[in-house]
Enquirer: 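Before we start, here is the structure in question, set down as structure tokens.
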Amino acid sequence: MAQTQASLTAEKNRLARMEQSLENRMVEIEDIENELLSYEYKLERAKESLGKARTHFEESRRELQQAESDHQQKGDSDTERQLSKAKHGFAMAERGVDSRNRRVEFIQSNYDELRTRLSAEQKAVTQSKNRISGQEEKVEQMVNAMLAKAEAAQRTAAAARSVTPVSKPELPAPTVAAAAPRRPPLRLPRPPGRWTRICWIM
């Protein structure tokens, strides 16, 4: 019984560890989901910023083309300044698109990684729940088996107490005669030989 109790305690402890592990995974999932929400917001803002940068880039490209055309037609100092300004604006717009595009890619990469982690954790949670369910069933079976053994032992003990003990055969009470000590028979002493002779003489 002590060994069975020890086994049950071990299985209960194992169940508790599994439940704690599941709880830790649930907390991890909650953290990942919160982080995903944050990255979703960052990704949305980054894409909006990239869209604006691309629009600005297209405007800068058209301004550069116009400045080049004007400088080819007139070729004076004013058109030259406009061309230089357009080139600088176009380069800045191009750099702005590149940096915002890298930011979107970085956020998207982290977001995808979080989604992968979330999927793996959710799968692990499902597996943990299945294992916990199996462990709970195992503990319940052990408890039921112990209860059944205890009930059987109680029934056996009750049955042993209810059996009428076999009585010893009664011996007859001893009588007074049987209880009195036995005396040897009374024997008269044999007369001495001289009396015999006396009798013959008379």
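In this text, all values refer to a predicted model and were calculated from it rather than measured experimentally. Just so you know, residue 1 is the first one in the sequence shown, and it goes up from there.
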Enquirer: Any chain of hydrophobic side-chain contacts (each under 4.5 Å) joining Val27 to Val125?
Expert: no
Enquirer: What's the spacing between Ser60 OG and His88 NE2 if we round to 0.5 Å?
Expert: 10.0 Å
Enquirer: Asp78: what forms a salt bridge (charged side-chain N to carboxylate O under 4.0 Å, His left out) with it, not counting sequence neighbours?
Expert: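 Asp78 satisfies salt bridge (charged side-chain N to carboxylate O under 4.0 Å, His left out) with Arg81 once adjacent residues are dropped.
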Enquirer: Could you state the interatomic distance from CD (Glu113) to CD1 (Ile32), rounded to the nearest 0.5 Å?
Expert: 10.0 Å
Enquirer: Show the atom names and distances, to 0.1 Å, of all donor-acceptor pairs under 3.5 Å that link a side chain in residues 93-100 to residues at least two apart or in another chain.
Expert:
{"from": "Ser99", "atom 1": "OG", "to": "Arg95", "atom 2": "O", "distance (Å)": "3.3"}
{"from": "Ser99", "atom 1": "OG", "to": "Gly96", "atom 2": "O", "distance (Å)": "3.0"}
{"from": "Arg100", "atom 1": "NE", "to": "Ser49", "atom 2": "OG", "distance (Å)": "2.8"}
{"from": "Arg100", "atom 1": "NH1", "to": "Gly96", "atom 2": "O", "distance (Å)": "3.2"}

Enquirer: Is there a donor-acceptor contact under 3.5 Å from the side chain of Thr55 to the main chain of Gly51?
Expert: yes
Enquirer: Let me have the donor-acceptor pairs involving side chains of residues 36-45, under 3.5 Å, with sequence neighbours excluded, atom names and distances please.
Expert:
{"from": "Tyr39", "atom 1": "OH", "to": "Asn110", "atom 2": "ND2", "distance (Å)": "3.2"}
{"from": "Glu40", "atom 1": "OE2", "to": "Tyr111", "atom 2": "OH", "distance (Å)": "3.0"}
{"from": "Tyr41", "atom 1": "OH", "to": "Arg45", "atom 2": "NE", "distance (Å)": "3.4"}
{"from": "Arg45", "atom 1": "NH1", "to": "Glu48", "atom 2": "OE1", "distance (Å)": "3.4"}
{"from": "Arg45", "atom 1": "NH1", "to": "Glu48", "atom 2": "OE2", "distance (Å)": "3.3"}

Enquirer: For Asn24, give me all partners under side chain to side chain contact (heavy atoms under 4.5 Å, CB included), at least two apart in sequence or on another chain.
Expert: Gln20
Enquirer: Which pairs pass salt bridge (Lys or Arg N to Asp or Glu O under 4.0 Å) with one or both residues in residues 129-142, sequence neighbours excluded?
Expert: Glu11-Lys138
Enquirer: If the condition is side chain to side chain donor-acceptor pair (under 3.5 Å), which residues does Gln154 pass it with, not counting sequence neighbours?
Expert: none
Enquirer: Of all the heavy-atom pairs spanning Ala86 and Ala67, show the shortest one and how long it is.
Expert: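 Scanning both residues completely, I find the closest heavy atoms to be CB-CB, 3.7 Å.
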Enquirer: Taking side chain to side chain contact (heavy atoms under 4.5 Å, CB included) as the definition, give me every residue that meets it alongside Thr126, ordered by chain and number, with sequence neighbours left out.
Expert: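 So Thr126 forms a side chain to side chain contact (heavy atoms under 4.5 Å, CB included) with Asn130.
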Enquirer: Testing the basics here: between Lys47 and Val104, what is the closest heavy-atom pair and its distance to 0.1 Å?
Expert: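 Heavy-atom minimum between the residues: N-CG2, 3.8 Å.
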Enquirer: Would you check if Glu19 and Gln135 make a side-chain contact, meaning some heavy-atom pair closer than 4.5 Å?
Expert: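 Contact flag for Glu19/Gln135 side chains = no.
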Enquirer: Going by the salt bridge (Lys or Arg N to Asp or Glu O under 4.0 Å) test, which pairs reach into residues 24-34, not counting sequence neighbours?
Expert: Arg25-Glu121, Glu28-Arg117
Enquirer: Output the distance between atom CG (Leu118) and atom CD (Gln122), rounded to the nearest 0.5 Å.
Expert: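 Here the rounded value is 4.0 Å.
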Enquirer: Quick test of your reading: applying salt bridge (Lys or Arg N to Asp or Glu O under 4.0 Å), list the pairs with at least one residue in residues 62-75, sequence neighbours left out, ordered by first then second residue.
Expert: none
Enquirer: Do Met26 and Leu114 sit in the same hydrophobic cluster, where Ile, Leu, Val, Met, Phe, Trp and Tyr count as joined when their side-chain heavy atoms come under 4.5 Å apart?
Expert: yes
Enquirer: Would a distance-only check, ignoring hydrogens and angles, find a side-chain to backbone donor-acceptor pair under 3.5 Å from Ser69 to Gln65?
Expert: no
Enquirer: Under the rule for salt bridge (charged side-chain N to carboxylate O under 4.0 Å, His left out), what residues qualify as partners of Glu58, not counting sequence neighbours?
Expert: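 Per chain and number, Glu58 pairs via salt bridge (charged side-chain N to carboxylate O under 4.0 Å, His left out) with Arg61.
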Enquirer: Under the rule for side chain to side chain donor-acceptor pair (under 3.5 Å), what residues qualify as partners of His71, not counting sequence neighbours?
Expert: Thr79
Enquirer: Give a yes or no on whether the backbone of Gln5 and the side-chain of Thr9 come within a donor-acceptor separation of less than 3.5 Å.
Expert: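 At least one qualifying donor-acceptor pair exists.
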Enquirer: Which residues pass the ring pair (Phe, Tyr, Trp, His ring centres under 6.0 Å) test with Phe90, not counting sequence neighbours?
Expert: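 Scan of Phe90 (ring pair (Phe, Tyr, Trp, His ring centres under 6.0 Å), adjacent residues dropped) gives Phe57.
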Enquirer: Are side-chain heavy atoms of Lys52 and His56 found at a separation under 4.5 Å?
Expert: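 Of all side-chain heavy-atom pairs linking His56 with Lys52, none is under 4.5 Å.
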Enquirer: Whether the side chain of Thr116 engages the backbone of Asp112 through a donor-acceptor N/O pair (distance < 3.5 Å, no angle test) should be reported.
Expert: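 Yes, Thr116 side chain to Asp112 backbone: donor-acceptor pair under 3.5 Å.
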